[in-house]
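Comments concern the structure below.
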Amino acid sequence: MQLDIKKITKSNGFSAFTSALLAIGLGLVCGFLVMLGASPENSLYGFQTLLFGGMTRLGDVVYYATPIIMTGLAVGFAFKMGLFNIGASGQYTMGMFFAMYVGFMFKPPESIHWLLCMLAGLVGGILWGFIPGFFKALLNVNEVITSIMFNYIGMYLVDMLITKNSTMYISIKARTAYLPASAQMPSLGIRNSGANISFIIALLIAVILFIVLEMTIFGYELKATGYNKHASIYAGMNGKRNIILTMMIAGGLAGLGGAFYILSPSTIPGASMTYEPINVIASNGFTGIAVALLGSSNPLGIIFSGLFISYIQRSGSLVELYGYKPEIIDIVIAVIIYFSAFARLMGMAIPRLFKGKKSRHSESHDDASEPDNPPEGPGEEIPASDNPAVEASGKGA
Amino acid sequence: MDTLYFLVQNTLPVAIPLLLVALGGMFSERSGVINIALEGIMLFGAYFGCLFVYSLQGSALSAQLILVLAMLVAAISGFLYSLLLSFAAINMKSDQTITGTALNMLIPAVILLFSKMKFNSDGVTTNVPFYVRKIPVLGDIPVIGQLFFQNTYITIYIGFVLFLISTIVLYKTRFGLRLRACGEHPHAADSVGVNVKKMRYAGVSISGILGGIGGFFYAVGVMDGNTNGHTGVAGFGFLALAVMIFGQWKPGRIFLAALFFAFLRMLSRSIALIPFLYNLGIDNTFYKILPYLVTMIVLAFTSKHSRAPKAEGIPFDPGAR
């Protein structure tokens, strides 16, 4: 029995899973404390809603999960190569715009209209992912800065192009017009929810990415570069090409996310999703970072973390019933990311609780959290991991 | 000539926050910690500074005294917020970029939540007149008086003094030398008895202080003393990072870079007031994009031979080779 537990606790997956749970737990504790501070008498009901409120709206959970699963994949896929794609927001916005443009301006046969819109979204995202990849690979510009700058550039550009286009933009409402029905994705038929076929497509894409990462040469090269850039170049892998390719794929994923969002069918006949050009960068791109970290950049893990984040966001929209503001959820998510960033250390501390004694073991790599760093000596790492983890939980409480 | 006065008078209040925050980023990165949380730190400082102003407005204190006191509040809050980054990055060896992103995401949500509960709005609005029409005596000097001492805020003088102090601290003190060593080669610094963790805490804390002050100065000079959770500091923390890289992690160059970016940004906001540019009829959006686009072009040309601190972003591990 003892042996079995050791085997399980040593595995990478377990470490990633427990550290994700720990981060979520700390995030929820923070949320509860905020509620307690804001209005103590309602805090228990409020927290209960936070935990279980999403149950009543499972269709919506699926529907809102789809875009953030896509942006999560966009961030996670780049993470595998050691790239931090903070530009998912801009790629998402571009994808959304391209999809919208085809939706409004093109009149192809009705049956393939939504498919074309989706592909246009893919192209938009690829374009916006290519730029940071190009800057990183050929000009040595840090992809974080490029992505951030192009988040703003993309957002301003899209807002301008939309407000100037009288077919797409209704200036009285300060919103985009309704997309034609043919451009909307087929619904899954869940009552009172926008859940649609894009969720199935997102699941398929996640599985394909998993296969690419685990079973192809490209995936292997990608991960090898993520573990150790210099070794992979020494081994003859084309680092520059792979950087650009990875960022293009990541961009395409985020772009699809934007397309899925805007092409969703509405529950009200004759309506559709709309976009409000108010010069604010899309938050779904940043939520993708949380999704990717929680799922430890594993495409299959990202499906679950995307569903979880969407679930807790739906719950968060219900806490207003108890007089709380939905921003509590943003706080919870930010705290989860904060703790995920050092989840590897915490993740290593937990298996030690099971084992009960200090034993030297080669540390389990969670490549998501620290791809760029040189491997540390195992002898140094283990004693260091004990104290800070305790401090961390003390800080969260 | 009037256009020139107008340009200078409007550029400086924008340049100073950029300068201070970029200097903050410089201290942090020179000690070896990437501080992408500057955006959040700025907003945190700005919000608490404005809250402090809000609590004092209507009292008998003079506007400029309130400004200085609020600046101290902003500095302290920036420092406290930066401790979250120091703890994660230095003690927990976390991925510094991700921690920074989390801190950036956290603060707008906190501000929105707090303001909605307390003021029933998105932020805090103050009405203390910080604007100075003319500095006595100095404002009467021909040309220079009009350029630098009229229609302005005292933030620009405080900012300039902080810039001078920063330069001296970085280059002329033992502390500055040790700080730089920790960013270049922490093991070498460690071997001669420098406490790398302590120095990195110091670096991040200074960036927190300067970031908080910069955020408050942004609220004063750009937002008329208001802060809200929706627009926040409009990407200024990120722009400051670009300024820092453009300035090659050196105070003097950062100063020039900040002026340059502030000028571009000021252009985008005041096109209608500059007849020459207004008559060109270019869409305002292009001017809004311009600072970001120029950042990218500049980085494309300067990053090939980047002078970034060698050890930035790598957690210090005394046992590593």
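Throughout, a chain's letter reflects where its sequence line sits, starting with A, and its residues are numbered from 1. Since this is a predicted model, take the numbers as computed values, not measurements.
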ask   = Measuring heavy-atom distances to chain B, does Asn142(A) have an atom under 4.5 Å in its side chain, in its backbone, in both, or in neither?
value = neither
task = Find out whether Thr99(B) and Tyr338(A) are in side-chain contact, i.e. whether some heavy atom of one side chain is under 4.5 Å from a heavy atom of the other.
result = yes
inquiry  = Is Ile107(B) close to chain A through its backbone or its side chain, or both, or neither, when contacts mean heavy atoms under 4.5 Å?
reply    = neither
inquiry  = Check this for me: Phe286(B), atom CZ, are more than 12 non-hydrogen atoms of other residues, nucleotides or ligands nearer than 6.0 Å?
reply    = no
Nearest-0.5 Å distance, CE of residue Met105(B) to OG1 of residue Thr287(A) = 5.5 Å
inquiry  = Once rounded to the nearest 0.5 Å, what's the spacing between atom CD of Gln96(B) and atom CZ of Phe84(A)?
reply    = 12.5 Å
Segment of Leu157(A) engaging chain B (4.5 angstrom heavy-atom cut-off) = both
message = Working to the nearest 0.5 angstrom, can you tell me the gap between Ile297(B) CD1 and Met149(A) CE?
response = 12.5 Å
task = Quick one: do Ile131(A) and Met296(B) satisfy side-chain contact (heavy atoms from CB on, under 4.5 Å)? Show the steps, please.
result = CA-CA 10 Å; Ile131(A) 297 169; Met296(B) 286 325 302; over 6 Å; no
ask   = Nearest 0.5 Å, what's the OG1-CD1 distance between Thr295(B) and Ile153(A)?
value = 7.5 Å
request  = Go through the atoms of Leu290(B) and report whether side chain, backbone, both or neither lie under 4.5 Å from a heavy atom of chain A.
outcome  = neither
inquiry  = For the CD1 atom of Ile331(A) and the CZ atom of Phe114(B), what is their distance to the nearest 0.5 Å?
reply    = 11.5 Å
Proximal component of Val141(A), with respect to chain B [non-hydrogen, under 4.5 Å] = both
note = One should read off an interatomic distance between Asp95(B) CG and Ser340(A) OG, to the nearest 0.5 angstrom, of 11.5 Å
query = Counting distance only, does the side-chain N/O of Tyr152(A) pair as donor-acceptor with the main-chain N or O of Leu293(B) below 3.5 Å?
reply = no
request  = Would you mind reporting whether Tyr156(A) and Tyr292(B) have side-chain heavy atoms less than 4.5 Å apart?
outcome  = yes
ask   = Which atoms of Val332(A) come close to chain B, meaning under 4.5 Å heavy atom to heavy atom: side chain ones, backbone ones, both, or neither?
value = neither
message = Could you report the tightest heavy-atom contact between Ala102(B) and Ala334(A), atom names first, then the distance?
response = CB-O, 3.6 Å
key: Check: Ile337(A) and Thr101(B) side chains under 4.5 Å, non-hydrogen atoms   = no
query = Does Ile86(A) reach the side chain of Thr97(B), with side-chain heavy atoms less than 4.5 Å apart?
reply = no
query = What part of Tyr324(A) gets closer than 4.5 Å to chain B, counting heavy atoms only: side chain, backbone, both or neither?
reply = neither
note = When the 4.5 angstrom heavy-atom criterion is applied to Phe286(A) and chain B, the contacting part is both
